[in-house]
2 protein chains.
Amino acid sequence: MKRPTMKDVARAAGVSPMTVSRVISGESAVSPDTTARVEQAVRKLGYQRNDNARNLRSKNLGTSTIGLVVDDLANPFYALMARSVEDEAHRRGYLVLVGSTNDEPRREQEVVAAFCARQVDGLILVPTIGNHGFLKQPMEGGTRVVCVDRPAKGLAVDTVTVDNRAGANRAVTHLLDHGHTRIAYLGDRFGIWTQRERYAGYLEALAARGVTEDPELVRHELRSQPDAAAALAELRALRHPPTALFTSNDLITIGVMDGLGQAEGGLFERIAIVGFDDFPLAERLSPPLTVVSQDPVALGSTAANLLFSRIDGDRSAPRSVILLTRFIVRGSGETRAAGRRPV
Amino acid sequence: MKRPTMKDVARAAGVSPMTVSRVISGESAVSPDTTARVEQAVRKLGYQRNDNARNLRSKNLGTSTIGLVVDDLANPFYALMARSVEDEAHRRGYLVLVGSTNDEPRREQEVVAAFCARQVDGLILVPTIGNHGFLKQPMEGGTRVVCVDRPAKGLAVDTVTVDNRAGANRAVTHLLDHGHTRIAYLGDRFGIWTQRERYAGYLEALAARGVTEDPELVRHELRSQPDAAAALAELRALRHPPTALFTSNDLITIGVMDGLGQAEGGLFERIAIVGFDDFPLAERLSPPLTVVSQDPVALGSTAANLLFSRIDGDRSAPRSVILLTRFIVRGSGETRAAGRRPV
DNA sequence: GTGAAAGCGCTAACAC
DNA sequence: GTGTTAGCGCTTTCAC
């Protein structure tokens, strides 16, 4: 009932284990006759090579395994990225270990350590806010690392991100173009790099038009849809409520849409919305959502390609790749501010 | 620049490798004094144990790694399942290898073989249509297997599914209750078990009310949203178009909603829809969608718990767990058939 | 409490 | 073309 080993196959075929090894790996030349005998024994015993043992001995080949560490694998954005990474890995005969961090530095460290203990050849990492000194040792040991979606503070590795700041700037400028000056910002945790960048883009856009930021209109740390809906309710209760919203990720956008749905029908026609992140059915909402769209598949495949080129021996200086977002106009961002003319 | 080994640590601490091993694993008793010396050497060298080598020697512990094989990791349904499996694994100190099959038996076999070559302790599998004889050898070798979402034909393993047939029956009965008799079925590939079950539920519901199936109203093999939208257009062009639709997964439901959106506003109010699978924003569509909802997180955690109980030594006969779906009424399925009275 | 020897399953390096 | 020896990094086993 135990798994057969090469020794078992060798005995069954009447050859040495080394010959079996050669037949299995197909590298070295073996006579057709013995090859056949070995292959028959393999089939008879249902032998399959133990790749862990193999990798232990031949250190020049790695383990053909990479680790993918994301915030949350259940998030559709990271799920798409993961699939894209997996496809690139599969093409090259690599396997993928996955782990979610929940954005907790401690869990990130645990997952990375466990992956490195398994001798992964490389790591694709959506880094948490935490410190990444723990990566130094594995990297010196030969584990390649690529960051994706956000950079890791003080870590000199290839990094793939999107132009969060420019994308947000574009969105807010669009709202300004339609006559809005009271534009609220609804964001997730300010500790997350992408959120800080998007907020910076928001400020940049306002500043470029000479609009002063109103702290009353800025809400960070919205962690869920209900959070976002609640923030919206607060904003609308202000003496001078916003006429437009910039929501800085899909979760918040959806939460806000829910909040609007619960309000009286007439009102929400007045509020313009542009959101960061596209999502399924965004164009079927009323009004259809104008969004800044990023491409998780491109993020994943770009990161994977960078990683594999490093694994294949590229030792050049770390690169930083910035992918472009797309601005998709669908209607929700084109509502004009009441009583104002466009610029 | 190479990774330090236990030997290196031993030398640095002036002890034998065996003592280092004992300190690292913390099993056996080591004097506080030497423990401290070893720990210091570990820190100094940045030593981390090679778990592959460890697993090779100690066969009684497994590799603490499981494999998760799904149709498509990018599918939100499987992404949620994967996250749930990963959480269960993490709790127990296991790692998760993931692979997507695209529902291709060949790729399934490749992925499973690669996982088994890495000596995974267990496999959670969304099986393709193909034959699963290739699992026999690994299972005899000790790899535990659990199927989830669908059973594998002729494979005696624990299986976790939902009551697809009953859920579909419930949905179609609901439409019949609202006076519909011309109810179209829009389904994905008939080769997929869940789709056959849902279709069976559709037929059962019709039969229970003495409604004869009209083959004109049945469309299988819809692989994408455009496929679904096209099928809808065909159905509406019939001389006797359906007054209600049962869509057998989220992708098809969304495709149909898109098709309806493109039609003239007045018309689509007349067609009732109930879909299998809930999804974000389903309640924000117009009309809000009535759906049969299944819980991917429960599927994943149930499968994981079964797997780990097997890994922990449970040798009882294979179990089949069927989770219940929920029927969620939101409006789209409650439109009455024109000129008819409810039952 | 600690160490020496052997070996997990495989392959690199060298024989022949 | 094939076999032998040694050893990857660790732990089991048995000694002390």
Side-chain angles (χ1 to χ4, degrees), chain A residues 2-39 41-42 45-64 116-121 138 141-143, chain B residues 2-39 41-42 45-64 116-121 138 141-143:
Chain A
K2 289 261 54 115
R3 265 191 176 75
T5 73
M6 271 194 180
K7 227 155 115 184
D8 301 322
V9 176
R11 194 173 319 126
V15 296
S16 79
M18 196 56 228
T19 301
V20 177
S21 173
R22 285 194 256 257
V23 171
I24 301 283
S25 64
E27 306 272 280
S28 195
V30 179
S31 85
D33 184 45
T34 54
T35 300
R37 287 222 314 289
V38 168
E39 279 170 348
V42 164
L45 299 179
Y47 171 74
Q48 205 201 11
R49 180 173 60 195
N50 180 334
D51 277 353
N52 287 342
R54 170 190 170 83
N55 295 331
L56 183 59
R57 185 62 178 95
S58 39
K59 305 250 62 172
N60 46 332
L61 333 163
T63 54
S64 295
C116 290
R118 301 305 200 287
Q119 315 296 113
V120 293
D121 297 333
T143 307
Chain B
K2 289 264 57 130
R3 263 190 178 76
T5 72
M6 271 193 179
K7 227 155 113 185
D8 301 323
V9 176
R11 194 172 319 126
V15 295
S16 79
M18 197 53 232
T19 301
V20 178
S21 173
R22 285 194 256 256
V23 171
I24 301 284
S25 65
E27 305 275 280
S28 194
V30 180
S31 85
D33 185 45
T34 53
T35 300
R37 288 225 310 291
V38 169
E39 279 171 348
V42 164
L45 298 179
Y47 171 75
Q48 206 202 11
R49 180 173 61 194
N50 180 335
D51 277 352
N52 287 341
R54 170 190 170 83
N55 295 331
L56 183 59
R57 186 63 178 91
S58 41
K59 304 251 63 174
N60 47 333
L61 334 162
T63 54
S64 296
C116 290
R118 299 310 198 286
Q119 315 295 110
V120 293
D121 297 332
T143 308

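The shown structure was predicted, so the numbers you read here are calculated from the model rather than taken from an experiment. A, B, ... follow the sequence lines: proteins, then strands. Residue 1 opens every chain.
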Can you tell me if [X] touches the phosphate of [N], counting only side-chain N or O atoms and a distance under 4.0 Å to OP1 or OP2?
X: A:S16; N: D:dT2; answer: no
X: A:T34; N: D:dG1; answer: no
X: B:S28; N: C:dG1; answer: no
X: A:S31; N: D:dG1; answer: no

Nearest 0.5 Å, please: how far is [atom2] in [Y] from [atom1] in [X]?
X: A:N55; Y: A:D121; atom1: CG; atom2: CG; value: 8.0 Å
X: B:T34; Y: B:E39; atom1: OG1; atom2: CD; value: 9.5 Å
X: B:S21; Y: B:R54; atom1: OG; atom2: CZ; value: 7.5 Å
X: B:K2; Y: B:D8; atom1: NZ; atom2: CG; value: 11.5 Å

Inset, instruction - Verify the distance criterion only: is there a donor paired with an acceptor across the side chains of A:S64 and B:R118 at less than 3.5 Å? - result: no

Inset, instruction - Say whether, by atom type as modelled, one donor and one acceptor occur between the side chain of B:R22 and the main chain of B:S28 under 3.5 angstrom. - result: no

Legend entry - B/S/- contact track for nucleotides 6-14 of chain C, protein heavy atom under 4.0 Å: BBBBBBB--

Legend entry - A:V38 versus A:V9, closest heavy-atom pair with distance: O-CG1, 4.2 Å

Inset, instruction - Looking only at non-hydrogen atoms, find the nearest pair between B:N52 and A:T63 and report the distance. - result: ND2-CG2, 4.1 Å

Inset, instruction - Would you work out how much the helix from C:dG1-D:dC16 to C:dC16-D:dG1 bends between its ends, with each end axis defined by five base pairs, to 10 degrees? - result: 40°

Inset, instruction - Provide, to the nearest angstrom, the distance between the CZ atom belonging to A:R118 and the C1' atom belonging to D:dG9. - result: 15 Å

